[in-house]
Amino acid sequence: MADPRAEASRRRTFAIISHPDAGKTTLTEKFLLYGGALTSGAGSVKAKGDRRSATSDWMELEQQRGISITSTVLQFPYRDNVLNLLDTPGHRDFSEDTYRVLAATDAAIMVLDGSKGIESQTRKLFEVCRAREIPIVTFINKWDRPGRDALELLDEIEEQLILEPVPISWPVGDGDRFRGLIDRQSGDFIRYTRTAGGSTEAPEEFVSAERAEAEEGELWLEAQEGIELLDVTERDFDAKRFQSGELSPVFFGSALTNFGVRLILDAMVDLVPSPSPRVDREGDPRPLEAPFSGIVFKVQANMDKAHRDRVAFLRVCSGQFDRGMVVTHEPTGRPFATKYAQSVSGQERETIEQAFPGDVVGLVNANDFRVGDAVYVNTAVQWPLVPAFAPAHFRIARTLDTSKTKQFRSGITQLDEEGVVQVLREPDVGNQAPILAAVGPLQFEVVQHRLENEFGAPVELVPCSWTTARITDTNSAEKLRGMSGVTVTARSDGELLALFESPYWLQRLEMDQPELTLTKLIAEGT
Ligand code: G4P
């Protein structure tokens, strides 16, 4: 038996968040290149078609829309470590999904486009990270292009995200004249050389300050001025403040040309915490060396058209996972034999034999598993409940082909269990016309597409006028049912949700009848 604590200390589990086009896919590829996990060179996966298969954009809809919805996991070695990179959906409409994935990570890299700075979805996804209180490493990408002033970008991070940016590296030159980076701690100048198409690692040369000044002249002096200004503002790295999400180490670079990629990978190993004991529902940490336990953070069906199966992704929280072991599914108390344990990267599946805290295991046909569930061996554990986000968009789903009612129902149940949307039912209407509730409207497109393509059940999704939902209880529900402008529904997890058309009306009701239970759901980005 390996020592789970020692194995955990080698692991880093993180996600990348970014506004579309900032360079998440490119950076992911470069991580694989530097991890030695991309033998044919990043250039070979640069072509758009192939490139998609390098990551998780495998669903048709994702390809059509150029968005990434589903999450997969890449594991690659770096130095003596094992890095687990969890992919998150790229669009804010799926921020609830991102939130669930972040429950399984210990940190996130926020990628910014150096010519754009913070964009709308960067902010949204950042807020989701903040809600999860995970440390964030910032990568300012595309420095090989004419961009914005480095100090101005730092100010933007500080002002807009209320996050203290602390540059760990500092660029010498930019655009065509981007020469390399100064490692602020050592003072070294790392000069890079471009390689054809960025398909191999960028050669690095460590240059002394004297030589750098002589050889880089003006660019070097400008960089020094920037660093002096940073020194005045005392932007120093502080591990505690990083881990509590107050401060973010900042790296500059260019994923395309590989400049700075090694530095950020080094940071993942040197700065990001390794998996630590996870706190259970009672608030007690479960030691890493405790018997095996894991948390389900994602359920995805029909990933592979040929198999049409269902995979539950779990992050190992304690102990050692061995394929074939029988684990207990906490909510049902049922045993589950883990014969089909896989790592899933896009459509590639490989059998996993062993896993340790921080690793992700895909369990095939774990049909009862839901997001947030605990699985364990020997000593039972429950994890804190994963809150559902407040839906702001509602549709009534109706089948367009009554001969497909059965498929329609099983499809809705499946998508509900995966957490693609929240499914609500009015007592009188029931299963005929469930109400779908979403954080963002793109979720409905996924539902419609999947119902039609995977279940053969074409649907119409009828827009509704509700805008806000509150959780209520049986007593209040009775009173609310008698009022106009409010509809009481039951969510499949048993919660009662009151839906309101007018937020003002709701506000008044809250003031006039404070005895009613109207609990807010977690808002997007709080
Ligand atoms: P995303 O996953 O965050 O959406 O971004 P992605 O990596 O797909 O990158 C978006 C575009 O930005 C791509 O160009 C990519 O080549 C480019 N890019 C990424 N990193 C850098 C960088 O460091 N410097 C420069 N100059 N460009 C970068 P594209 O034209 O959309 O695609 P492609 O045809 O180049 O593949």
Side-chain angles (χ1 to χ4, degrees), residues 14-34 38 41-59 62-72 74 85-95 98 101 108-126 137-148 150 153 169 171 173-181 192-202 250-265 345-346 442:
F14 61 98
I16 303 181
I17 57 163
S18 69
H19 190 90
D21 266 0
K24 184 167 93 162
T25 314
T26 311
L27 187 63
T28 304
E29 289 168 355
K30 298 317 174 75
F31 281 176
L32 296 182
L33 173 70
Y34 275 75
L38 207 68
S44 64
V45 289
K46 267 313 268 120
K48 209 81 178 181
D50 288 352
R51 203 162 104 122
R52 290 297 167 210
S53 66
T55 56
S56 65
D57 298 1
W58 45 266
M59 273 175 82
E62 293 180 309
Q63 282 172 4
Q64 284 164 16
R65 298 292 306 253
I67 51 171
S68 155
I69 302 162
T70 44
S71 310
T72 49
L74 295 170
L85 170 54
L86 277 58
D87 192 11
T88 55
H91 197 283
R92 59 176 278 195
D93 280 13
F94 305 104
S95 47
T98 301
V101 174
I109 300 179
M110 174 170 74
V111 179
L112 305 181
D113 179 330
S115 65
K116 301 201 170 122
I118 293 170
E119 298 175 81
S120 59
Q121 292 184 41
T122 333
R123 194 173 305 113
K124 284 287 166 200
L125 294 166
F126 165 78
V137 174
T138 304
F139 182 63
I140 302 186
N141 190 29
K142 304 198 186 182
W143 211 253
D144 60 305
R145 276 209 195 144
R148 290 172 52 189
L153 286 166
S169 66
D174 61 1
D176 285 345
R177 303 183 312 160
F178 183 27
R179 296 279 202 272
L181 296 162
Y192 296 96
T193 309
R194 289 181 192 228
T195 58
S199 60
T200 51
E201 293 185 21
V250 176
F251 294 82
F252 291 83
S254 151
L256 194 67
T257 60
N258 302 331
F259 290 18
V261 171
R262 186 187 302 287
L263 285 185
I264 193 152
L265 276 172
S345 315
L442 268 178

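All ligand and atom numbering here is 1-based and tracks the order in the structure.
Side chain of K142 to main chain of D113: no donor-acceptor pair is present (N/O by atom type, distance under 3.5 Å, no hydrogens or angles). With hydrogens and angles disregarded, a donor-acceptor distance shorter than 3.5 Å links the side chain of S169 to the backbone of F252.
The shortest N or O to N or O distance between G253 and ligand 1 is not below 3.5 Å. Between L27 and ligand 1, no pair of N/O atoms sits closer than 3.5 Å. Considering backbone and side-chain atoms together, W143 places no N or O closer than 3.5 Å to any N or O of ligand 1. Ligand 1 has an N or O atom lying under 3.5 Å from an N or O atom of T26, backbone or side chain.
Contacts between D144 and ligand 1, counted as non-hydrogen atom pairs separated by less than 4.0 Å, involve the side chain only. Residue contacts with ligand 1 for N141 involve side-chain atoms from C-beta outward but no N, CA, C or O (heavy atoms, distance under 4.0 Å).
Atoms of ligand 1 lying under 4.0 Å from any heavy atom of P20, numbered from 1 in the order shown and given with element: 4 (O). Close approach to R145 involves these atoms of ligand 1, each under 4.0 Å from a residue heavy atom: 26 (N), 27 (N). Counting the atoms of ligand 1 from 1 in the order shown, those under 4.0 Å from a heavy atom of S18 are 3 (O).
Evaluation of the salt bridge (Lys or Arg N to Asp or Glu O under 4.0 Å) rule for R194 yields no partner, not counting sequence neighbours. Scanning for salt bridge (Lys or Arg N to Asp or Glu O under 4.0 Å) contacts around R179 gives E216, with sequence neighbours left out.
Between K24, K142, E29, it is K142 that holds the heavy atom closest to atom 21 (C) of ligand 1.
Distance check, rounded to the nearest 0.5 Å: OH of Y34 to CG of L265 gives 9.0 Å. In this structure, the separation between CG on L181 and OG on S254 is 10.0 Å, given to the nearest 0.5 Å.
Between F178 and F259, the ring-plane angle classifies as tilted under the 30° and 60° cut-offs.
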